[in-house]
K.L.:
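Okay, handing you the structure first.
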Amino acid sequence: MEKPILVIGHKNPDLDSIASALGYAYMRQQEGVNAVAARAGKLNLETKYVLDYFHVEPPKLVDDLYPRLGDSQLVMPPTVTPNTTVYHVGKIFVENRPKAIPVVDNDGLVQGMVTVNDLASRYFQELTIKEMDNAEVDFDSILEVLKGKIWCGVTDKKFKGTVHIGAATPEKMCAGLAPGDMLLTADREDAQKAALDMGLACLVLTLGAVPSQEVMDLAERMHTVIIGTDYTTYKACRLIQQSMQVKYIVPKEYLSFKTSDYVSDVQELMTESEANVFPVLHMGKYVGCVDKTSMLKYKKQQVILVDHNERSQAVEGIENAQILEIIDHHRLGGLTTGLPVFIRQDPVGSTASIVAKMARHRDVHFTPSLAGVLLAAIISDTVYFKSPTATAEDRDTANKLAIMSGITDLHTFAMDVLRHGSALNSLAPEEIVHTDTKEFEFSIGKVTVAQVMTMDGAQAKEKWPVLQKALREMVDKDETNVALLMVTDIMAESTNMLSAGGHEEILAQAFGPKAEDGSYFLKGVLSRKKQVVPLLNEAFNKID
C-alpha cells in the first residue's frame, strides 16, 4: 500500500499551521488524493482550545522525515520453520543460494538466522561425532531423508541417542552400544541380532538389505524400529545427521532491526557486524531482511508544505523528502527542491485564507467544524484583522467561514480564541520561548524570534525577568545565537521585544534604542512576518 502524502506545517506549529494542514489535506482527499494532515511539534494552547471547541482530531505528529528501514526495499530470502530438517535447509541453499535463511516460527517470530557456515560446521562435526542426544529426531524425518522403507516398528516417536556403524565384529560392536542407540549395517544378520539384544531404538539396513523373519521377530519383541534404505552405510549416516531439525543448530544470537530504525543507523551497525543478512521486524514479527552487500533503496516520503517554505522552519529531515507542493503566505526562504513543484503563495494574513480560497475555486466544501478551525486560524494569524498583514481577502474569507461553521457572534468568538492564545499564565518561561518560534539564518548565525500574545500588558510585564532568563539559557545552551521574544499586547496594539545574545547595535538599528525597562518598545507592531522580520533583514544585511 502506498504511503499517504503528508500535509505538514512548520516546527513549533501555531494555529494557522495546524488548520492549514487539516484543511488542505481534506481538500486533497476530496480530490481523490491519499493525503493526511501532519504536524511537526506539539500543539499550543490556542490550537488545543480551537480543536476541542470544534471536536476536530489533531494532525498526526511527525518528528522527522529521515528515511527509516520500513521505507526501504527489503530482500525476501526463503524462510524455514524451527522444525524444518537440516536436509531441507541444505537443499534450499543449493537451489536458491541465499546468504542466510531466517528461521521463523508460526507466530512470525524469528528464532535465528542459519548460514552455509552453520551447515559446514555441522558437516565437520559429523566426521567424528555421531551423537544426537542433544536433539530429538522424528523417525518420519529419518525415513524421508533415507528414502527408506519401514520393515517393522512404529515411527510416531523420536530418536535421541548415538548413531553407530556396524563394521566391527559383533562382540566389539556391542561393547559400544547402549539401549536407545541406532545401528547402521548391511546384510550381516549376526551383527543385527547381537545389536537387537542390546535394546536398540533403531536398526538401519543399508544397501537394500532385507531383514530375515527371525530378525524382524526379535525387533518386534525389543520394540525396535527397522528401516531399510538403498544408500551406502556412510551416506545413510550422513543423511541421518541431516534429519535433525534446524532449531538445534541455528545460532540463537543474531542482530535484527526494526522497520522504525533509521537507515543511517542500520547501515552503520551492519558495517560493524560480521553477518551479511539481518532480519527486519515490525511489531516484533518478521517482515523481510536487509543485506549488507546491497544498497538500501528507499522511497522518499512525499510532502506538501503549508505555512512555511524555509529549511530552518521545516520538519527535521525535509531534505530526504519529496516536496510536491508549497502553500504559504510568507517570504520566499530559499528552500530548494529536486523537481518542479506546485507553489501557491499569496500576500494575505493567513495560510488558512489561501486554503479556503483554493477550496472554493475547486468546489470543495468544508465540514462546519473544519470551517470553524480555519476561521479561528485567520483570526489568530491576523490578530482579528489588527495585524498589518490582514487584507480584505482575509476578512471576506473569515465571514464566509463563519457562515459555514455556524459562528454568529464573530467578535466574541475571536476574543475567546485570542484569549486562549496567550501562554503567559499557563506555560513555564522555558516553554513560552520555545512554543511559537521561527528560526532565521543571518551572517552572525541563527536568530530565533518567538512571540507570545497577551491581552493585559501590565500583567505580562511582571513576567519579563523570568522570560529574559529563559532567553539567555537558550543562547547559553547554543540553541541559537540571538534569541528574541515578542510580547505582543493585542489590546494596546504594540509589542515589547525581549532579547538575549548581544548584537545590540544591530538590534538597535532594527528596532531603535532600548527602553529603560530593557525592552525594545515597538508601537503598532503585531506581525512578526511583516513588521519584525523585514527590519531584521535590513539591519543584518547592512553588516554583510
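Numbers here simply count residues along the sequence, with the first being 1. Just so it is clear, the model here is predicted, and its values are computed rather than measured. Atoms considered below: every heavy atom in the structure, side chains included; atoms not considered: hydrogens, waters and symmetry mates.
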K.L.:
Please confirm whether the backbone N or O of Val280 pairs with a side-chain atom of His282, one donor and one acceptor, at under 3.5 Å?
P.N.:
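Here the side-chain-to-backbone pair does not exist.
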K.L.:
Between the side chains of Tyr24 and Glu325, does any donor sit under 3.5 Å from an acceptor?
P.N.:
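Indeed, the side chains of Tyr24 and Glu325 share at least one donor-acceptor pair under 3.5 Å.
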K.L.:
Please name the pair of heavy atoms, one in Met27 and one in Met358, separated by the smallest distance, quoted to 0.1 Å.
P.N.:
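For Met27 and Met358, the tightest heavy-atom pair comes out as SD-C, 3.9 Å.
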K.L.:
Run the side-chain hydrogen bond (donor to acceptor under 3.5 Å, both in side chains) test on Thr206 and Thr233 for me, step by step, so that the C-alpha distance in whole Å, both residues' side-chain angles and the decisive distance to 0.1 Å come before the verdict.
P.N.:
CA-CA 6 Å; Thr206 60; Thr233 301; 2.8 Å; yes
K.L.:
Please tell me if the side chains of Asp307 and His10 come closer than 4.5 Å, counting only heavy atoms from C-beta onward.
P.N.:
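A side-chain contact under 4.5 Å exists here.
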K.L.:
Between Lys42 and Glu431, is the closest basic N to carboxylate O distance under 4.0 Å?
P.N.:
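Looking at Glu431 and Lys42, the cut-off is met.
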K.L.:
Determine whether a donor-acceptor pair (N or O, by modelled atom type, separation under 3.5 Å) exists between the side chain of Asp138 and the backbone of Ser141.
P.N.:
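Such a contact is absent between Asp138 side chain and Ser141 backbone.
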K.L.:
For Ser273 and Phe278, work out which heavy atoms get closest and say how close.
P.N.:
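The answer is OG-CE2, 3.4 Å.
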K.L.:
Counting only heavy atoms not in Glu189 (residues, nucleotides, ligands), do more than 12 fall under 6.0 Å from its CD?
P.N.:
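Yes, enclosed.
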K.L.:
So, the side chain of Ser72 versus the backbone of Leu74: is there a donor-acceptor pair under 3.5 Å, distance only?
P.N.:
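No; judged by distance alone, with no hydrogens or angles, the pair does not exist.
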K.L.:
Do other residues, nucleotides or ligands put more than 12 heavy atoms under 6.0 Å from Lys157 NZ?
P.N.:
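Yes, NZ of Lys157 has more than 12 neighbouring heavy atoms, counting only those of other groups under 6.0 Å.
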K.L.:
Would you say Asn96 has more than 12 foreign heavy atoms packed within less than 6.0 Å of its CG?
P.N.:
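Above 12, so yes.
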K.L.:
Examine the side chains of Asp14 and Ser17 and answer whether a donor and an acceptor come within less than 3.5 Å of each other.
P.N.:
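Result is no, nothing qualifies.
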K.L.:
Check whether the side chains of His88 and Glu144 place a donor and an acceptor atom closer than 3.5 Å, and report yes or no.
P.N.:
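Result is yes, a qualifying pair exists.
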K.L.:
How far does CD of Gln302 sit from CG of Asn34, to the nearest 0.5 angstrom?
P.N.:
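If I round to the nearest 0.5 Å, the distance is 10.0 Å.
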K.L.:
What closest approach, in Å, do Ala19 and Leu374 show between heavy atoms, and which atom pair accounts for it?
P.N.:
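Here Ala19 and Leu374 meet closest at O-CD2, 3.5 Å.
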K.L.:
Return yes if some donor-acceptor pair links the side-chain N/O of Thr229 with the main-chain N/O of Leu146 below 3.5 Å, else return no.
P.N.:
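At least one qualifying donor-acceptor pair exists.
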K.L.:
Determine, for Asp107 against Lys285, whether the closest basic-nitrogen to carboxylate-oxygen distance falls under 4.0 angstrom.
P.N.:
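Looking at Asp107 and Lys285, the cut-off is not met.
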K.L.:
Ignoring hydrogens and geometry, is there a side-chain-to-backbone donor-acceptor pair from Arg39 to Pro59 under 3.5 Å?
P.N.:
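Answer holds: yes.
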K.L.:
What I want to find out is whether Lys446 reaches Glu479 closely enough, with some N-O distance under 4.0 Å, to be called a salt bridge.
P.N.:
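The answer is no: the pair does not qualify as a salt bridge.
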K.L.:
Look at the side chain of Thr271 and the backbone N and O of Gln267, then say whether any donor-acceptor pair between them is shorter than 3.5 Å.
P.N.:
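Pair found, side chain donor or acceptor close to backbone of Gln267.
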K.L.:
How far apart are the closest heavy atoms of Ala377 and Ala352, and which atoms are they?
P.N.:
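So the two residues come closest at CB-CB, 3.8 Å.
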K.L.:
Is it the case that more than 12 heavy atoms not belonging to Lys158 sit under 6.0 Å from its NZ atom?
P.N.:
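More than 12 heavy atoms, drawn from other residues, nucleotides or ligands, come within 6.0 Å of this atom.
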K.L.:
Specify the closest pair of heavy atoms between Val290 and Met270, including all atoms of both residues, with the distance to one decimal.
P.N.:
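Scanning both residues, the minimum pair turns out to be CG2-SD, 3.8 Å.
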K.L.:
Dump the intermediate steps for salt bridge (charged side-chain N to carboxylate O under 4.0 Å, His left out) on Arg311 and Glu441, then the final yes or no.
P.N.:
CA-CA 10 Å; Arg311 170 65 187 87; Glu441 292 291 337; over 6 Å; no
K.L.:
Take the angle between the ring planes of Phe366 and Tyr26 and call it parallel below 30°, perpendicular above 60°, tilted in between.
P.N.:
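It falls in the tilted class, 30° to 60°.
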K.L.:
In Å and rounded to the nearest 0.5 Å, what is the CG to CG distance from Leu51 to Leu22?
P.N.:
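Here the rounded value is 6.5 Å.
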K.L.:
Just by distance, do the side chain of Thr480 and the backbone of Ala483 share a donor-acceptor pair under 3.5 Å?
P.N.:
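No, Thr480 side chain to Ala483 backbone: no donor-acceptor pair under 3.5 Å.
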K.L.:
Find the distance between CD1 (Ile165) and CG (Leu183) and round it off to the nearest 0.5 Å.
P.N.:
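Going from the CD1 atom of Ile165 to the CG atom of Leu183 covers 9.0 Å.
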K.L.:
Could you give me the CA-CA distance, side-chain angles and deciding distance for Val163 and Asp181, then say whether side chain to side chain contact (heavy atoms under 4.5 Å, CB included) is met?
P.N.:
CA-CA 6 Å; Val163 180; Asp181 284 350; over 6 Å; no
K.L.:
Where the side chain of Arg188 meets the backbone of Gly166, is there a donor-acceptor pair that is under 3.5 Å apart?
P.N.:
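Yes: the side chain of Arg188 pairs with the backbone of Gly166.
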K.L.:
Roughly how far, to the nearest 0.5 Å, is OH of Tyr231 from CG of Leu239?
P.N.:
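It is 6.0 Å, given to the nearest 0.5 Å.
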K.L.:
Please round to the nearest 0.5 Å and tell me the distance separating atom CG of Leu15 and atom OG1 of Thr351.
P.N.:
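These two atoms lie 11.5 Å from each other.
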K.L.:
Answer yes or no: are there more than 12 heavy-atom neighbours, outside Glu95 itself, under 6.0 Å from its atom CD?
P.N.:
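Counting neighbours around CD of Glu95, more than 12 heavy atoms of other residues, nucleotides or ligands fall under 6.0 Å, so yes.
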K.L.:
Scan Leu61, Val50, Ile18, Thr435 and name whichever one has a side chain to side chain contact (heavy atoms under 4.5 Å, CB included) with Leu43.
P.N.:
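The residue from Leu61, Val50, Ile18, Thr435 that satisfies side chain to side chain contact (heavy atoms under 4.5 Å, CB included) with Leu43 turns out to be Ile18.
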K.L.:
With Val89, which of Asp118, Val94, Val246, Val103 fulfils side chain to side chain contact (heavy atoms under 4.5 Å, CB included)?
P.N.:
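Output: one option passes, namely Val246.
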K.L.:
Identify the two heavy atoms, one from Val215 and one from Gln192, that lie closest to each other, and give their separation to 0.1 Å.
P.N.:
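Nearest heavy atoms, Val215 then Gln192: CG2-OE1, 3.6 Å.
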K.L.:
I'd like to know if Asp261 pairs up with Lys258 as an ion pair, taking the criterion as any Lys NZ or Arg NE/NH1/NH2 lying under 4.0 Å from an Asp or Glu carboxylate oxygen.
P.N.:
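Salt bridge flag = yes for Lys258 with Asp261.
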K.L.:
Let me confirm one number: the CD-OH distance from Gln111 to Tyr254, rounded to the nearest 0.5 Å.
P.N.:
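That separation rounds to 6.5 Å.
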K.L.:
Is Thr224 reaching over with its side chain to a backbone N or O of Glu220, donor-acceptor style, under 3.5 angstrom?
P.N.:
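Not confirmed, Thr224 side chain does not pair with Glu220 backbone.
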K.L.:
Any side-chain heavy-atom pair from Glu268 and Tyr262 closer than 4.5 angstrom?
P.N.:
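They are not in side-chain contact.
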K.L.:
Which is it for Lys438 and Thr448 under the side chain to side chain contact (heavy atoms under 4.5 Å, CB included) test, yes or no, and what are the steps along the way?
P.N.:
CA-CA 6 Å; Lys438 296 286 181 69; Thr448 58; over 6 Å; no
K.L.:
When you look at Asn481 and Val475, which way does the side chain to side chain contact (heavy atoms under 4.5 Å, CB included) test go after all the steps?
P.N.:
CA-CA 6 Å; Asn481 298 95; Val475 176; over 6 Å; no
K.L.:
Is it the case that over 12 heavy atoms from other parts of the model lie below 6.0 angstrom from the NZ atom of Lys172?
P.N.:
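Incorrect, the count does not exceed 12.
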K.L.:
Would you check, one step at a time, whether the test side chain to side chain contact (heavy atoms under 4.5 Å, CB included) holds for Leu205 with Thr185?
P.N.:
CA-CA 5 Å; Leu205 302 183; Thr185 186; 4.2 Å; yes
